[in-house]
Amino acid sequence: MKILVIAEKPDMGRNIAAVIEPGAKNQRTYIEGERYVITWAIGHLIGLAEPEAYDSKYKRWNFGDLPIIPEQFKIVPNPRTKDQLKVIGELAKRCDRIVNACDAGREGQHIFALIQRQLKLRQPVKRLWISDLTAESIRKGFDQLRDGSEFENLTQAARARSEADWLIGMNASRAFTTKHNNLLSVGRVQTPVLALIYDRQKEIENFTSQTFYEVRATFKQPSKTYEGVWQGEERLTDKAKGEAIVAKVQGKEGKISKYEIKETKEYPYKLYDLTLLQRDANAKFGFSAKKTLDVAQALYERHKVISYPRTNSNYVTKENIDGMQKVLGMLQNGEYAELAGGAERSRVHTGNKAVCNPARVEDHHAILPTLKKPGTLSKEEQQLYDLIVRRFLAQFYPPAEYKQHMVLTVVEQETFRTNVKELLSLGWKVTLPDKDKAKSGSKTKRGTRDGDNEEPQEEVETDKPFVLDSKLPVQCRKAEVKEKETQPPKPYTEGTLLKAMESAGKQIENEELRDAMKESGLGTPATRAATIERLKQVGYVQAKGKKIELALKGRAAIELIRAAGVELLTSPEMTGQWERRLNQISRGEADPDRFLESVKKFAGLVVDKVRTQTPAAADIFGDEGTRGKGKGKRTARSSSRSSSTTRASSTKSSGSKRGTSTRGQSGSRSSNASNMPDDLPLPAPPPDNEDGYTSSRSMTAGSSTTARNRNTSSSYEAKASISSATRTRSAASNGAASPAHAALGACPRSGCGGTIIEGKKGYGCSHFRQGCGFVIWKEFAGKSVSIQMLKALLLKGESQVLTFKRGGETFKARIRLLDRKTGKLGVEKAES
């Protein structure tokens, strides 16, 4: 009898057939040769059954029927691909062995396992585990087939995640939807990603721009002219003081008080994983994450010119080094001949940990060009291939070399700082397109983030020699004051959002959970694009150019979820707990059934939380056309399916602040993975599916909500409105910048002796029970009073210069503390 090879997709099946059965006949749904029969799955042929498969009453969405907890999960064929499933079943009857050639990862393993279970396949199974579809890799993979039993734990982890997502997704979606009479999309990964966008939007809205001044001076030595920026202990907020400095130093002689020179090196950027490739393609070409994934998949499957793109690794293994050397040789003929000809082969070797680091490679190595030369590529395919090839070639070049010059110039006791980055050798940067190479005279800021109060240090890059004589005096030829304003955080682009999703969880206090997430963040590389697309589809966000903007529906969804008391849905910690347990299951260190029992308990907890929530008003989401009670088979199915496509990243601010108490509880209970109680609900992880399908899974006690988000969220659109209490709660959580009841300063009321502490709506005196009525409200004259501004009011009696708008007028003014007994504030225009 023959051997049946089951690939995940048709292109992969055809590529395999071309290598192992080059003379085989193509029968449209399979390819048959003398020894092998090769067919394919077309992604997910089978999924978990909808609730109505367990009881017909579930066709109608009724809160009273929740939670829905199947004793045993049923699987059903996808009606759209049932014919292909039938083909596999018929072919299996003619074969006595099977090769699982689905994608080498958890989701590929899951796809095959469901087929095997549905068709009751009993033949011995071997596993093909390869990272690219070149003939050489396929041939080598078939020579080294592994026993299917080696991957049983991985199969169990995939099953556990799928069923857990269903439990949380299905129950959470129905609970929120029926409670608020609006379709509400909730997802384990989707919701934390939405929360990231929400919290960034709140930061922007609450940001108070502050005016400050910069004094710049131009200095001259006999053979060199350079600029410096005035240095003070604090940011300069008084224009008059700046003008006084200008008058003081203008035309005067000074000296160089300090001159430091150090040589530095910049090494090549890491090889691409999918997320890094998506970020670069978004920044350089404006590609959405989904477009980059689609183009990369075409380069892999159709053109076979790159390795497997859905990888989370930036490194290769020792076995890849020889292949990289061969690819370099291939590139020495053709478009990249000049760059490949200048490469140094000796730089890429097994001892170069910046390239070869087997410990950092899981299922797949970094994205690499293959030995196959590209034929005709589309414009987008060529752009992406070019990025990958140039990043590959950079590894064969030396580091770029610079001289860092730091100069302190003193004139009339006033100090000015100059930072110059002098290029000595481009090194690997010759592989960059001309527009991306360091340009002479360019200025960059380093050392601060948007909205920080510390002055960023300006650095001038130049490819011309920078030479000063620190012993010679300098002449201040020119000085001037420039007015500037602090800038709010920038809205997310798809590229920066991908980065935030990838790094989500780094702020988790629990070290073990943080470690569980450090390699994955929120979602997997393969599903992050689907998460972002889903947020757009359900109307939670919208793209404005490169920017991602929060829609009213997205704002209301986050506030409603947090108000229900399931804030962990918006936090990365849930995903951290979930990923840790799934990793334990995949290694055979945890029981998947005990994990699922804890998830079932958590699903009930979620329903109970929503049960006590006040129904939302109907006008918050601004999408009256999508209102509905969510009944019927089609709605339910689409909800679980689409929700499965959603991945989410967790909130930075809200997750770290609001989740503190919950984290403390679950974190303390689970600080040691081996001692973690099995009745603790675990967060649901993002799906690994290659086709973007996310099965429903759920999570842990405190973090469980996240899981459902992912599952249900994608499929449901929810409209709800939030009570003022909800808004106040959310605003308080976002606005809080210090621990509750921390002393922020002394009460200015004479003889009081109390301290100022933070409340939900304002800053008041700790002696309020003794009768002190001092309070400064967090909102005044259209401005948010931050803790920094509060301290300035307490110490100086006034804020920095702020920009106000009244009617059509824009003016500069300060907020002043008018009454030190009550905290009454006023606005006083600044002198022009």
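Numbers here simply count residues along the sequence, with the first being 1.
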**Student:** Are R581 and Q584 close enough, and set up right, to give a side-chain hydrogen bond (donor to acceptor under 3.5 Å, both in side chains), and what steps lead you there?
**Tutor:** CA-CA 5 Å; R581 183 52 60 88; Q584 290 174 337; 2.8 Å; yes
**Student:** Could you give the distance from NZ (K609) to OG1 (T612), rounded to the nearest 0.5 Å?
**Tutor:** 7.0 Å
**Student:** Does the side chain of L85 come within less than 4.5 Å of L119's, by heavy atoms?
**Tutor:**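 They are in contact (side-chain heavy atoms under 4.5 Å apart), so the answer is yes.
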**Student:** Please check this pair: side chain of H180 against backbone of P615, looking for a donor-acceptor N/O pair closer than 3.5 Å.
**Tutor:**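 The answer is no, because no donor-acceptor pair under 3.5 Å joins these two groups.
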**Student:** Which residues satisfy the salt bridge (charged side-chain N to carboxylate O under 4.0 Å, His left out) test with K600, sequence neighbours excluded?
**Tutor:**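 If we apply the salt bridge (charged side-chain N to carboxylate O under 4.0 Å, His left out) test to K600, skipping adjacent residues, the hits are E597.
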**Student:** Between A53 and K74, what is the shortest heavy-atom contact and its length?
**Tutor:** O-NZ, 3.0 Å
**Student:** About how many Å separate CG of L274 and CZ of R310, when rounded to the nearest 0.5 Å?
**Tutor:**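 Rounded to the nearest 0.5 Å, the CZ-CG separation comes out at 8.0 Å.
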**Student:** Would you say E50 and M170 make side-chain contact, with heavy atoms under 4.5 Å?
**Tutor:** yes
**Student:** Can you give me the closest heavy-atom contact between N171 and P67, atom names plus distance?
**Tutor:** OD1-CA, 3.1 Å
**Student:** Just by distance, no angles: are the side chains of R106 and Q109 close enough, under 3.5 Å, to form a donor-acceptor pair?
**Tutor:**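 Per modelled atom types, R106 and Q109 side chains form no pair under 3.5 Å.
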**Student:** Does a side-chain heavy-atom distance below 4.5 Å link L167 with P70?
**Tutor:**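 In short, these two side chains touch, coming nearer than 4.5 Å.
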**Student:** Looking only at non-hydrogen atoms, find the nearest pair between R174 and R60 and report the distance.
**Tutor:**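 R174 and R60 have their closest heavy atoms at NH1-O, 4.1 Å.
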**Student:** What are the two closest heavy atoms between R587 and N153, and how far apart are they?
**Tutor:** C-ND2, 3.9 Å
**Student:** Applying side chain to side chain contact (heavy atoms under 4.5 Å, CB included), run through Q116 and V125 and close with a yes or a no.
**Tutor:** CA-CA 10 Å; Q116 189 180 31; V125 175; 3.5 Å; yes
**Student:** State which residues pass side-chain contact (heavy atoms from CB on, under 4.5 Å) with K544; sequence neighbours excluded, sorted by chain then number.
**Tutor:**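 Here the qualifying residues are Q542, E549.
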**Student:** With heavy-atom distances below 4.5 Å as the criterion, would you say the side chains of F63 and V610 are in contact?
**Tutor:**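 Yes - at least one pair of side-chain heavy atoms lies under 4.5 Å apart.
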**Student:** Grab the two heavy atoms, one from I69 and one from A603, that are nearest each other, plus how far apart they are.
**Tutor:** CD1-CB, 4.1 Å
**Student:** Tell me which one of L497, N312, T275 satisfies side-chain contact (heavy atoms from CB on, under 4.5 Å) with E502.
**Tutor:** T275
**Student:** Would you check if K86 and P77 make a side-chain contact, meaning some heavy-atom pair closer than 4.5 Å?
**Tutor:** no
**Student:** Give a yes/no verdict on a cation-pi contact between R200 and Y492, requiring under 6.0 Å between NZ or CZ and the six-membered ring centre and an angle within 45° of the axis.
**Tutor:**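 Verdict for Y492: a cation-pi partner in R200.
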**Student:** Within a strict 4.5 Å, meaning less than it, do heavy atoms of the Y198 and E559 side chains meet?
**Tutor:** yes
**Student:** Where is the tightest heavy-atom contact between Y540 and L194, given as atom of each residue plus distance?
**Tutor:**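 Looking at all heavy atoms of both residues, the shortest contact is CD1-CD2, 3.4 Å.
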**Student:** Taking the side chain from K179 and the backbone from Q613, do they hold a donor-acceptor pair closer than 3.5 Å?
**Tutor:**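 Here the side-chain-to-backbone pair exists.
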**Student:** Rounded to the nearest 0.5 Å, how far does CG of N78 lie from NE2 of H44?
**Tutor:** 10.0 Å
**Student:** Between Y58 and I68, is there a donor-acceptor pair closer than 3.5 Å when you use the side chain of the first and the backbone of the second?
**Tutor:**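 Checking the backbone N and O of I68 against the side chain of Y58, no donor-acceptor pair under 3.5 Å is found.
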**Student:** State, yes or no, whether a side-chain contact exists between V76 and I46 at a heavy-atom distance under 4.5 Å.
**Tutor:** no
**Student:** List the steps, then state whether side chain to side chain contact (heavy atoms under 4.5 Å, CB included) holds for L45 with L114.
**Tutor:** CA-CA 8 Å; L45 301 182; L114 289 176; over 6 Å; no
**Student:** CD of E163 to CG of L596: how many Å apart, nearest 0.5 Å?
**Tutor:** 5.5 Å
**Student:** Could you check whether K778 pairs with E758 (Lys NZ or Arg NE/NH1/NH2 to Asp/Glu carboxylate O, under 4.0 Å)?
**Tutor:** yes
**Student:** Mark yes when over 12 heavy atoms from residues, nucleotides or ligands other than K536 sit less than 6.0 Å from its NZ; otherwise mark no.
**Tutor:** yes
**Student:** Let me confirm one number: the CG-CD distance from D103 to E8, rounded to the nearest 0.5 Å.
**Tutor:** 3.5 Å
**Student:** Judged by atom type as modelled, is there a donor-acceptor pair below 3.5 Å linking the side chain of Q84 to the main-chain atoms of W40?
**Tutor:**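 Here the side-chain-to-backbone pair exists.
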**Student:** For D593, is there an ion pair with R159 - N to carboxylate O distance below 4.0 angstrom?
**Tutor:** yes
**Student:** Could you state the interatomic distance from CZ (F151) to CG (N100), rounded to the nearest 0.5 Å?
**Tutor:** 8.5 Å
**Student:** May I ask you to say whether K291 pairs ionically with D294, meaning some side-chain N is under 4.0 Å from a carboxylate O?
**Tutor:** no
**Student:** Taking E494 first and then K547, would you say they form a salt bridge - that is, a charged N and a carboxylate O separated by under 4.0 Å?
**Tutor:** no
**Student:** Would you say Q201's side chain and L550's backbone share a donor-acceptor pair under 3.5 angstrom?
**Tutor:** no
**Student:** Taking only residues two or more places apart in sequence or in another chain, which ones pass ring pair (Phe, Tyr, Trp, His ring centres under 6.0 Å) with F73?
**Tutor:** W166
**Student:** Would D608 and L605 count as a side chain to side chain contact (heavy atoms under 4.5 Å, CB included) here? Give the steps.
**Tutor:** CA-CA 5 Å; D608 289 341; L605 178 86; 5.6 Å; no
**Student:** Given side chain to side chain contact (heavy atoms under 4.5 Å, CB included), test Q278 with K290 step by step and report yes or no.
**Tutor:** CA-CA 8 Å; Q278 288 170 319; K290 182 180 185 300; over 6 Å; no
**Student:** Would you please say whether a donor-acceptor pair under 3.5 Å links the side chains of E152 and Q156?
**Tutor:**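 Short answer, yes.
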**Student:** Do T493 and I548 have side-chain heavy atoms sitting under 4.5 Å apart?
**Tutor:** no
